[in-house]
Structures are given as structure tokens and as C-alpha cells.
Amino acid sequence: MARRRRIYEGKAKVLFEGPEPGTLVQYFKDDATAFNNQKRGTITGKGVLNNRISEYLMLRLAEIGIPTHFVRRLNMREQLVREVEIIPIEVVVRNVAAGSLSKRFGVEEGTALPRSIIEYYYKNDQLGDPMVSEEHITAFGWATPQDLDDILNLSLRINDFLCGLLLGVGMKLVDFKLEFGRLWENEEMRIVLADEISPDNCRIWDAKTNEKMDKDRFRRDMGGVAEAYQEVARRLGILPEGGPGDVAGPKTMQ
Ligand code: TMP
């Protein structure tokens, strides 16, 4: 393969220069980190599964009119995406208490929240991604009030759609993290969904047993991490019994 210019290397992905201007190749690694890089490991096959899961979810979201950076999957570990200017905010949407929310407010994990809660974190590893308010975001100029309005609306629509999609195949969307970017087309700027949507940045529980099917299995040393990611892909209908491949949409659970 021809040498490509590496644009950025994150904890779980690498971004390379794409084949055409304005595109990037997003490569999914098997590396996993948690607690801002303090815990590190490898989950064999994770990159392949996240590439496939994120492709599927981004395509489904595009079908309902959510603009995304996703163009197409290139191979097992890579996808072509539009180059966007990443807004340095991590948007967390929560439906059920878990993780840092449970810790911060002393709410037992698994408690349904009275309504979905949106939180913003400033994307800065050196500072440990501190939680911020809309005031911080607009005052420091990370996003405008109009950007934030778009981000909030998109996040709520994404949450509604993904909750329904996952519940249809027996999974509960507890919470998840999104990133957005700015995309310019003919002097016009649009906010689009970027990064990835996978069990790395979602909490997904089995709807009946509440068994964890996401990166918490790695964060909490529970084992069976790759198997859990595989089960998410299987239920979404994108991992047929014979192995990874292309099949149509999810099969509803009985
Ligand atoms: P939290 O409960 O640790 O704040 O995490 C909320 C959600 O955000 C959870 O689904 C995991 C995801 N997340 C990331 O994707 N990246 C991060 O750096 C953190 C802290 C959480």
C-alpha cells in the first residue's frame, strides 16, 4: 500500500490523508484506553467491529436526515470520511444513571433518569476532559450559540433514533458520547456528526438482564470484551453466523 500521510493519531483511531482533498481515512485500532489513558490494553478484533458498527449506525442516522462525516467503508479497518473541523466538545447523552453521573450525584447505576440529560465536556486530554457548561463553550469561543443549538437538536434526535433501534434488538442505550465537526460547502457551514458510534463510546446493556455489552467490560476488568462487541454487531444484523460480512438490517428480538 502506498505511504499515506498520517494526520492525527488518537487512542483508538488513526486519521490518514484521504484519496481526494477534503477526505480522510479513519483507521480503527484494537487499542483501548480508559480513565484518560491511565489504563491501556488491546481488544483483539475491536477495530474491525467498531468500523462495521459505526458504519452501520452512521448510515442509519443519515437515512433519517442526520448529517454525518461518513462517506463509505473501505475495508475491515478503514472508512472514508469527510474532513471536518472538530468542535472540541464531547457531548454525552444519558438515559439511565451510570458511570461518572452515578459517582458524581450518588445515583445508583441502572436508575432510569426522569428525562434524557445532556452534558458537555471540553476535549482536552491534558486537563482530563473537564465538564463544562454552555456558558464556558460560548464564552471561550469553542462553539457559537447557533452551533450549540444545532448540536443539542442533533444529539436528541440521534438519541431517540438509537434508543429505538437498539431496543428493537434487545439492547438498552444507557448513555453515549458524540463529537461534531464543522463542514464547509460553498461558503456554507454545517454541523455534522463525526468520530464514531460504537461500544467504545456508548454504554449498551442487554434490555432484559442489564448485562454490559460495551467498553465498561474493559474499564472494569470484567472480561468478554470482544465477545460483547461481537454480540452488539450480531444483534444489529451486521455479523452473520458465518463471520463478518454485509447483510441487511436488524432482526427484531422475539
Ligand atoms: P462517563 O459516565 O464516564 O462520563 O461516560 C459517559 C459516556 O461517555 C459513556 O458512554 C462512555 C463515554 N465516554 C467516552 O466515549 N469517552 C470518554 O473519554 C469518557 C469519559 C466517556
Side-chain angles (χ1 to χ4, degrees), residues 8-13 26 28-41 43 46-47 49-51 53-54 57-58 61 68-69 86-113 115-133 136 142 151-152 154-156 158-163 165-167 171-181 193-207 210-222 225 228-229 232:
Y8 174 81
E9 176 146 9
K11 295 174 206 141
K13 292 188 293 295
Q26 186 164 255
F28 287 76
K29 300 190 277 187
D30 283 347
D31 299 351
T33 68
F35 316 117
N36 200 18
N37 232 348
Q38 289 177 57
K39 179 181 172 73
R40 290 175 210 205
I43 303 165
K46 171 173 85 79
L49 288 161
N50 282 356
N51 185 25
I53 292 169
S54 195
L57 296 177
M58 292 253 180
L61 287 167
T68 85
H69 74 157
I86 289 287
I87 294 168
I89 300 298
E90 299 195 342
V91 182
V92 170
V93 184
R94 302 180 185 272
N95 301 304
V96 175
S100 70
L101 179 131
S102 287
K103 205 174 272 176
R104 193 177 311 120
F105 301 113
V107 185
E108 198 187 337
E109 278 212 328
T111 310
L113 297 170
R115 63 177 177 85
S116 302
I117 293 175
I118 310 272
E119 297 169 348
Y120 301 108
Y121 294 84
Y122 177 44
K123 220 172 121 62
N124 183 315
D125 282 344
Q126 276 178 332
L127 300 175
D129 297 346
M131 193 191 221
V132 293
S133 72
H136 299 118
W142 299 320
I151 288 170
L152 177 65
L154 288 169
S155 300
L156 293 174
I158 292 167
N159 184 43
D160 276 353
F161 182 77
L162 291 183
C163 278
L165 181 76
L166 294 185
L167 203 55
M171 297 183 282
K172 203 187 277 182
L173 184 58
V174 170
D175 57 33
F176 59 101
K177 184 265 292 181
L178 299 173
E179 293 185 26
F180 293 89
L193 178 64
D195 193 47
E196 69 177 284
I197 307 182
S198 73
D200 263 16
N201 47 32
C202 298
R203 283 197 177 91
I204 300 170
W205 294 358
D206 179 88
N210 281 348
E211 196 186 350
K212 296 185 198 311
M213 304 174 67
D214 55 63
K215 196 170 144 188
D216 268 351
R217 301 197 73 89
F218 167 77
R219 294 188 189 99
R220 302 177 190 193
D221 295 319
M222 297 168 73
V225 193
Y229 283 44
V232 171

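Hydrogens, waters and symmetry mates play no part in the numbers below; they use all other heavy atoms, side chains included. Throughout, numbering of the chain's residues begins at 1 and tracks the sequence. Counting starts at 1 for both ligands and their atoms, following the listed order.
By the 4.0 Å heavy-atom criterion, Glu119 is excluded from the residues contacting ligand 1. At a 4.0 Å cut-off, at least one heavy atom of Arg219 sits close enough to ligand 1 to count as contact.
Near Phe176, meaning under 4.0 Å from one of its heavy atoms, ligand 1 places the atoms 10 (O). Numbered from 1 in the order shown, with element, the atoms of ligand 1 that lie under 4.0 Å from a heavy atom of Val92 read 6 (C), 8 (O). Near Asn201, with a cut-off below 4.0 Å to any heavy atom, the atoms of ligand 1 are 10 (O), 12 (C), 15 (O). Taking every heavy atom of Arg94 and a limit of under 4.0 angstrom, the matching atoms of ligand 1 come to 1 (P), 2 (O), 4 (O), 6 (C).
No side-chain N or O of Asp129 forms a donor-acceptor pair with one of Asn36 less than 3.5 Å apart. A donor atom on one side chain and an acceptor atom on the other are found under 3.5 Å apart for Ser100 and Arg94.
Salt bridge annotation for Glu196-Lys46: absent, with no cationic side-chain nitrogen under 4.0 angstrom from a carboxylate oxygen. Here Glu119 does not pair with Lys177 in a salt bridge; the nearest charged N to carboxylate O distance is not below 4.0 Å. Ion pairing of Asp175 with Arg203 is present here, as a side-chain N (NZ or NE/NH1/NH2) and a carboxylate O approach within less than 4.0 Å.
The protein atom (non-hydrogen) at minimum distance from atom 19 (C) of ligand 1 is Glu90 OE1, 4.7 Å.
Not one N or O on the side chain of Asn210 forms a donor-acceptor pair closer than 3.5 Å with the backbone of Trp205.
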